[in-house]
Amino acid sequence: MNPLSPVYYIRNNKGRAALIIFMLFFTTLMFLAGNYIASIDWYWEENIKHNEKMALVEALPGDEDFSQYHEVVGEMEKDPNLHLLGRTGLGFPGLDWITTIGLEMGSSSMVFSSKEDMETAFRALGLTADLSDMKHYGMAISKALAKNKGLHLGDIADATVDSSLDTSYTVDALIEEDTYTVFYLIECDPENYSRMYVFSDSMEGDALYNYIYDLIGDREVKVGSRSKIQVGQSLMPLHIILLVGGFLLSVILAVTVNSVVNGQYIKRTYEFGVYRALGLSKKTVFRKCAAELLLMDLIAIVIGAAIHFLLTFLLNELMYIPKGRYLPYVSVLGLICFLVSNLTVMLPMLISKGRRMGRADVTEF
């Protein structure tokens, strides 16, 4: 085998190569750490989808007799592009739940004034549940949220279950999809409506909201805040704190790994001095060092990925899913954390070792 091949060194120095691979494996732990951070966003994904498909329109305090609100509702009812679902003017709380990383967070809620409206909303939102037993002051929650709260079909949810609840509700339906939004059925007189849900068969997201804003104009009518903006703003500080912590750990890991690798490559200075004496250029020696380190890094990544997918599967199946929680297998944040960690470790090592070995001189020994 060609001595300049990166495989040559690994095959003939299995113990040393294994130690370097083991050290580089720790950079892949940041992928798992990033997935844990991203698990917080997972709980809000369905809620954001609901909010993008169905906007809340409500009267503002300045519209004391709701005249402007009813004027807007009248126009919306005549608009063939929009569908309206009535709800009571009162607000209702969501349920607090425990995330995968142990933080307690509060969910959002949607309230409907009739079973027919709730069924229409579920079809529009793509939710699957048996709503035949929904009653006044009933709630529909996902099976995942029910597990998280320790609730079952037919249970009473009150302040003893969640401190945010100021009255008693019955769990009348369980939703198949992993949504953490709480859906209430509160029957009331349509005359008391001061809020409406608005959705469209042809629009959602920016298109839907901009269409509603244009229709309302400057009248005293409010469009509910978009969850994707609120959630993004709320979680951003937490993401930044955790990412900064991850970067600091990456720096510590880079120093540690470089110390180990540096010790091994110092012992090989004579070897690279011989290569230089035989006429190999500094670039060739640099490429040999880089190829060895990159190959060992690739092996560490493959092993790390296999271990992480297996570990995530076991954690989800044995620990998280039974408790209504979830750890993503892959996330953008996880990939970013891994890349930052791996580059923090690898770049200084590639540059320093490649340059140092390229300057080796056999006459110095």
Side-chain angles (χ1 to χ4, degrees), residues 18 20-49 95-105 107 128 141-150 174-181 228 231-232 234-254 256-257 295-346:
I20 295 175
I21 291 170
F22 177 73
M23 298 298 294
L24 292 174
F25 163 79
F26 284 100
T27 66
T28 65
L29 293 178
M30 294 306 298
F31 175 69
L32 186 62
N35 288 346
Y36 266 100
I37 300 172
S39 68
I40 302 174
D41 300 280
W42 175 83
Y43 293 92
W44 292 99
E45 287 178 359
E46 289 298 318
N47 168 261
I48 291 173
K49 291 178 184 177
L95 296 175
D96 293 334
W97 34 268
I98 304 298
T99 66
T100 308
I101 62 175
L103 292 177
E104 185 175 77
M105 302 191 78
S107 65
T128 308
I141 58 177
S142 69
K143 292 181 178 180
L145 180 55
K147 292 175 182 178
N148 199 293
K149 297 295 295 182
L174 294 178
I175 303 167
E176 296 295 332
E177 290 74 20
D178 292 331
T179 176
Y180 276 67
T181 301
K228 72 174 185 178
V231 172
S234 300
L235 297 182
M236 183 59 70
L238 178 61
H239 285 175
I240 291 174
I241 291 171
L242 294 173
L243 285 171
V244 169
F247 177 72
L248 293 176
L249 288 175
S250 297
V251 172
I252 295 172
L253 179 61
T256 304
V257 174
L295 178 58
M296 287 186 281
D297 188 42
L298 178 61
I299 294 172
I301 291 172
V302 171
I303 294 173
I307 291 174
H308 291 150
F309 278 112
L310 177 60
L311 180 61
T312 300
F313 173 79
L314 294 174
L315 287 171
N316 276 328
E317 296 300 321
L318 300 178
M319 183 183 301
Y320 296 137
I321 292 177
K323 294 183 179 180
R325 305 173 195 176
Y326 184 73
L327 175 62
Y329 284 87
V330 179
S331 69
V332 173
L333 200 56
L335 291 172
I336 291 173
C337 288
F338 160 69
L339 288 174
V340 170
S341 177
N342 195 259
L343 290 174
T344 302
V345 171
M346 289 298 295

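If you read the sequence from its start, that first residue is 1, and numbering goes on from there. These numbers were taken from a predicted model, which means no experiment stands behind them.
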Could you give the distance from [atom1] ([X]) to [atom2] ([Y]), rounded to the nearest 0.5 Å?
| X | Y | atom1 | atom2 | answer |
| --- | --- | --- | --- | --- |
| L295 | I20 | CG | CD1 | 11.0 Å |
| K143 | E176 | NZ | CD | 3.5 Å |
| L315 | L311 | CG | CG | 4.5 Å |
| T100 | I40 | OG1 | CD1 | 8.5 Å |
| Y320 | T99 | OH | OG1 | 9.5 Å |
| L95 | L145 | CG | CG | 5.5 Å |

Which heavy-atom pair separates [X] from [Y] by the least distance, and what is that distance?
| X | Y | result |
| --- | --- | --- |
| F31 | V330 | CZ-CA, 4.1 Å |
| L24 | M296 | CD1-C, 4.0 Å |
| T28 | H308 | O-CE1, 2.7 Å |
| S142 | L174 | O-CD2, 4.4 Å |
| I307 | F25 | CD1-CE1, 3.9 Å |
| K147 | I321 | CD-O, 3.6 Å |

- prompt: Do L253 and V345 have side-chain heavy atoms sitting under 4.5 Å apart?
  reply: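 L253 reaches V345 side chain to side chain.
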message: Measuring only between side-chain heavy atoms, which start at C-beta, is N148 closer than 4.5 Å to I98?
response: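 A side-chain contact exists here, since the closest heavy-atom pair is under 4.5 Å.
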message: Tell me every residue that passes ring pair (Phe, Tyr, Trp, His ring centres under 6.0 Å) with F338, counting only those two or more places apart in sequence or in another chain.
response: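 Ring pair (Phe, Tyr, Trp, His ring centres under 6.0 Å) check on F338 returns nothing, list empty.
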query: side-chain contact (heavy atoms from CB on, under 4.5 Å) between M105 and Y180: does it pass, once the steps are laid out?
result: CA-CA 10 Å; M105 302 191 78; Y180 276 67; over 6 Å; no
query: Under 6.0 Å between ring centres, would you say that holds for Y43 and W97?
result: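 So the answer is yes for these two rings.
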- request: Kindly determine whether E177 and T128 satisfy side chain to side chain donor-acceptor pair (under 3.5 Å), including the steps that lead there.
  value: CA-CA 7 Å; E177 290 74 20; T128 308; 3.0 Å; yes
side-chain hydrogen bond (donor to acceptor under 3.5 Å, both in side chains) partners of residues 321-344, not counting sequence neighbours, each pair once: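 Every pair satisfying side-chain hydrogen bond (donor to acceptor under 3.5 Å, both in side chains) with a residue in residues 321-344: T27-N342, N35-S331, S250-S341, D297-N342.
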message: Can you tell me if F313 has over 12 outside heavy atoms packed within less than 6.0 Å of its CZ?
response: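 No - once you tally the heavy atoms of other residues, nucleotides and ligands closer than 6.0 Å, there are 12 at most.
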- request: Kindly determine whether F26 and T256 satisfy side-chain contact (heavy atoms from CB on, under 4.5 Å), including the steps that lead there.
  value: CA-CA 11 Å; F26 284 100; T256 304; over 6 Å; no
